[in-house]
Amino acid sequence: MKVLCVAEKPSISKSISQILSGGRFATRATGSNFVKNYDFDYPQTNAHFTVTCVAGHLLEHDFAETHRKWQTCDPFALFEAPIVTSVAKDKKAIEANLRAEARNADQLMIWTDCDREGENIGAEIVSVCRQSKRNIVVKRARFSAIIAQQIHNAAQHPINLDMAQAAAVDARIFLDLRIGAAFTRMQTMSLQDIFKQHITSVVSYGPCQFPTLGFVVSRYNQVQAFQPEQFWYIYLALTSNTSQEQEETPFNWRRGHLFEFDVALAIYEDVLRHPRARVIKVTKKETKKWKPYPLTTVELQKAGSRLLKLAPKKVLDIAEKLYQGGFLSYPRTETDQFDPQFDFMTLIAKQTVDPAWGAFATGLRDNNGFTTPRKGKNNDQAHPPIHPTAHAGNLTGDDKRVYEFITRRFLACCSKDALGFQTTVDVEYGGEEFSATGLIVLERNYLEVYPYDKWSSKELPDFQEGEEFVPSICELRDGWTTKPTLLTEADLVTLMDKNGIGTDATIAQHIETIIDRGYVLARMEGATKYLVPSTLGIGLIDGYNEIGFDRSLSKPQLRRQTERSMVEVCQGTKTKNDMLAESIDQYKEMFIKARREFQKVITNVRTRLEGGGNACCCPRTPSRRIR
DNA sequence: GCAAGGTC
């Protein structure tokens, strides 16, 4: 029997060929540079296998010719207009390969990732293969990791494609296209009519773009509306003379700070009547600073933005390149736990030659330094956490920095938590409680290889329980609440991830899109990049908010609802057509309301375009003494 | 000229 296996991407087709054939396979080139066909016998099922792959989705969807031109139809018609499906231009060579291989096969076995998109891509592969071999038998291999035992099991006990999952993705594809195109055309044409000089490019709407923009605008509005508030607190400190230097040990007031001056003053005056403070408790305990979790795509992007100052999209592009070069594992993963069978030692050994972290890697390998990585809560059942697969000695610039971060993170995960010794001193003074905390770092462990985390010792004088002292400083001080900062890219990635806007592979793209479309500008303050909404971005979001929908176009709830509907389609409690009909009705209604009241958006954009810049500033008052 | 999701 001849079996044609099709994976979602080249790396997987190669891995499963290596495993199933025990490394003895023949390689054939195809019309696509990235795709190879691998041939071998698989005696376990008495079959001949050919393993190949696609590169993500094969099909693309667009409106039929009648509705492709902007001027020739009402955007509202796009909710019902016919959609045509075709093989994407850059996928024609892959399609040709599938057709040719299917012709010679008795069975088609789908090896795409085991998630919704994978199921849908599987259905696309089936539709192409059936065009050259109508009656080909279709099976689906089920695997959750590229591990020999699992891959053999998948090959020997295939199941069927889950058409419900494929259908749920179809619904999402159609819905996003209809909503996106209808709103984009309506917005663009209305605004360009009025603001010819200002708005020349597309004013896009997307069910992920707009909530993303909504986060940026919402924070901006919070910053604008912020009113600083004054607060008061008791500052208590003891100055001690240790080895010629004067050391000030500050104590934190248990009450934190108070916003009522009269109350703070009354307490303060009461406290001052007492001459001495008394140590009521000294707590000493071992403490740990935990090593980081294994690295996911979202965490890589956050760290890249915060620590390396690289845009999320840039980090992902570099990781993709390093993956292509064989230096990194697959960079799009939600998994933050390593499989128990993962071969850590071989990978650690590859890093022992590095001039910067080689000695640390050697310590992990030879001196009992290795400890199994912590397990996070996420597993996409398809890819391991991001890790280096080979040593890279010749990288430069940002490539080098990204590789270094990923490698240090991996070695840190395989190391031990840092150990310290913490002392807490609780003090009573005039009926009020204060405390100070000291730390001695005993073993740096993972921190030696992971300079991105900071943990330093803070010494305290040796206080004894029951000891009394006269405070050197006891003052009523004031301060002001500080305004929130604008969003950073790392903050935005976190918000999107939490609210289910986009996926690990697309979050960075959505951020780039709202910048490209001129909705958001990046502003550097020192070394930190903040996201500032443009006049257009604010005008759109505030305008739609003013129109007022049951579920806001600029908030994550609508996307969450789409997600929920997809789950129902997957579970079989709803059909794809029901989901589409419900959603489209809902969006049609919103579209009609949006268009009827679009003047509110126009007014918002106009006020801001004519009102000038986005500058916002609030004075930041340093803390000062009252007495 | 529109979306979001895979992938290169």
*asked:* Holding to side-chain hydrogen bond (donor to acceptor under 3.5 Å, both in side chains), I want the full list of residues that pass it with A:Y330, two or more places apart in sequence or in another chain.
replied: A:R332
*Sequence neighbours excluded, which residues qualify as side-chain hydrogen bond (donor to acceptor under 3.5 Å, both in side chains) partners of A:D339?*
none
_By side-chain hydrogen bond (donor to acceptor under 3.5 Å, both in side chains) - contacts of A:E80 (at least two apart)_ = A:K588
*asked:* Heavy atoms only, 4.0 Å cut-off, all strands: where does A:T188 land among base, sugar-phosphate and nothing?
replied: base
_Partners meeting ring-ring contact (aromatic ring centres under 6.0 Å, His included) with A:Y38 (sequence neighbours left out)_ = A:F25
*Kindly state each residue pair satisfying salt bridge (charged side-chain N to carboxylate O under 4.0 Å, His left out) with at least one member in residues 546-562 of chain A, sequence neighbours excluded.*
A:D176-A:R559
Name the atoms and distances for all side-chain donor-acceptor pairs under 3.5 Å in residues 567-577 of chain A, with sequence neighbours left out.
residue	atom	partner	partner atom	Å
A:T573	OG1	A:E568	O	3.2
A:K574	NZ	A:E582	OE1	2.7
A:T575	OG1	A:D578	N	3.0
A:T575	OG1	A:D578	OD2	3.3

*Could you identify which residues of residues 564-594 of chain A place a heavy atom less than 4.0 Å from some atom of DNA chain B, listed by residue number, or say none?*
none
*NA contact type, A:Q192, heavy-atom cut-off 4.0 Å: base, sugar-phosphate, or nothing?*
base
_Side-chain ion pair, A:E101 and A:R28, N-O less than 4.0 Å_ = yes
*When we call it a touch if two heavy atoms are under 4.0 Å apart, what does A:Q71 touch: a base, just sugar-phosphate, or nothing?*
base
_Pairwise salt bridge (charged side-chain N to carboxylate O under 4.0 Å, His left out) hits with a residue in residues 196-210 of chain A, at least two apart_ = none
*Please, which pairs that meet ring-ring contact (aromatic ring centres under 6.0 Å, His included) have at least one residue in residues 159-188 of chain A, sequence neighbours excluded?*
A:H61-A:F174, A:F183-A:Y205, A:F183-A:F591
*Reading nucleotides 2-7 of chain B 5' to 3', which nucleotides get B (base under 4.0 Å from a protein heavy atom), which S (sugar-phosphate only), which -?*
BBBBBB
_Residues that A:T562 engages under side-chain hydrogen bond (donor to acceptor under 3.5 Å, both in side chains), provided they are two or more places apart_ = none
_Let's test your reading of the pairing rules: Watson-Crick or G-U wobble, both distances under 3.5 Å, then write DNA chain B as a dot-bracket string with ( ), [ ], | and dots._
........
